[in-house]
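As structure tokens, the structure follows; a few thoughts come after it.
Model, not experiment: these values are computed from the prediction. For reference, positions follow the sequence shown, starting with 1.
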Amino acid sequence: MTKKEFVELFGAKAELKTKVEAEKLTKAFIDTLEEILVKGESVSFIGFGKFEATERAARTCVNPQTKKTMKVAAKKVAKFKAGKNLLEKMNPVVEKKAAKSRKKSK
């Protein structure tokens, strides 16, 4: 899904009057999220998931084409960890089976 498609769907779900309004709200949300992650903080939406900024350590790796070793510098990355409710909606059958098997094993 592209940003344009997302804005249209978001506007329809939120019953906004114009696409401009939906785009403005989407931009505000993304800008706020970026600002928080750039500071190195995290944002948690209970049940949906958690966005966080983490530090990836410097490392050495091998270029698969040339087989030469190269150094990769340390950098900050953004990570998202899905919450329980989102995972259950994405995998309804798998989650229910896993929950049943956990109850039986106790």
Side-chain angles (χ1 to χ4, degrees):
M1 176 176 278
T2 65
K3 183 178 176 183
K4 182 179 177 182
E5 294 168 335
F6 176 82
V7 168
E8 289 175 11
L9 181 61
F10 177 69
K13 288 242 182 214
E15 298 178 1
L16 300 174
K17 294 178 182 177
T18 64
K19 288 182 185 178
V20 173
E21 192 177 3
E23 191 168 339
K24 187 176 179 181
L25 289 173
T26 302
K27 184 178 179 345
F29 175 77
I30 292 171
D31 289 347
T32 304
L33 191 58
E34 284 177 353
E35 186 179 314
I36 292 166
L37 292 174
V38 167
K39 287 181 188 176
E41 299 174 9
S42 63
V43 180
S44 188
F45 298 102
I46 304 299
F48 178 73
K50 181 178 182 178
F51 294 91
E52 61 184 334
T54 60
E55 185 81 26
R56 186 174 284 171
R59 63 190 192 282
T60 57
C61 61
V62 178
N63 182 331
Q65 291 180 337
T66 63
K67 308 293 187 224
K68 290 186 179 179
T69 304
M70 4 185 301
K71 292 184 179 183
V72 178
K75 64 180 178 178
K76 291 182 181 179
V77 295
K79 289 188 177 182
F80 175 76
K81 182 178 179 185
K84 183 180 177 184
N85 291 349
L86 178 59
L87 290 174
E88 286 175 354
K89 286 179 181 181
M90 291 174 66
N91 304 294
V93 177
V94 176
E95 288 296 321
K96 287 180 182 177
K97 286 182 180 178
K100 286 181 182 177
S101 66
R102 282 190 293 247
K103 286 180 182 178
K104 288 180 182 178
S105 64
K106 287 185 178 181

Worksheet item: Taking atom CG of L37 and atom CG of L33, what is their separation to the nearest 0.5 Å?
Response: 5.0 Å
Discussion item. Quick one: does any side-chain atom of E5 pair with a main-chain N or O of T2 as donor and acceptor, under 3.5 Å?
Written reply: yes
Item to complete: Mind checking the NZ-CD spacing from K3 to E8? Nearest 0.5 Å is all I need.
Response: 13.0 Å
Worksheet item: Roughly how far, to the nearest 0.5 Å, is CG of L9 from NZ of K13?
Response: 6.0 Å
Discussion item. For the CD atom of E34 and the NZ atom of K39, what is their distance to the nearest 0.5 Å?
Written reply: 13.0 Å
Worksheet item: When rounded to the nearest 0.5 angstrom, what is the spacing between NZ in K4 and NZ in K19?
Response: 6.5 Å
Discussion item. Please verify the inter-ring angle class for F45 with F51; under 30° counts as parallel, over 60° as perpendicular, anything in between as tilted.
Written reply: perpendicular
Practice prompt. With L25 as reference, evaluate L16, I30, V20 under the side chain to side chain contact (heavy atoms under 4.5 Å, CB included) test and give the passing residue.
Written response: L16
Discussion item. Quick check on the 6.0 Å ring-centre criterion: do F29 and F10 meet it?
Written reply: no
Practice prompt. Please report the shortest heavy-atom distance between A22 and G11, naming the atom on each side.
Written response: CB-CA, 3.7 Å
Worksheet item: Same hydrophobic cluster for F48 and I36, using side-chain heavy-atom links shorter than 4.5 Å among ILVMFWY?
Response: yes
Discussion item. Between E52 and K81, does any side-chain N to carboxylate O distance fall below 4.0 Å?
Written reply: no
Discussion item. Taking atom CE as the centre, does M90 end up with more than 12 heavy-atom neighbours from other residues, nucleotides or ligands that are less than 6.0 angstrom away?
Written reply: no
Worksheet, complete the sentence: When every non-hydrogen atom of A28 is compared with those of T32, the smallest separation belongs to O-OG1, 2.7 Å
Worksheet item: What is the distance from atom CG of D31 to atom OG1 of T26, rounded to the nearest 0.5 Å?
Response: 10.5 Å
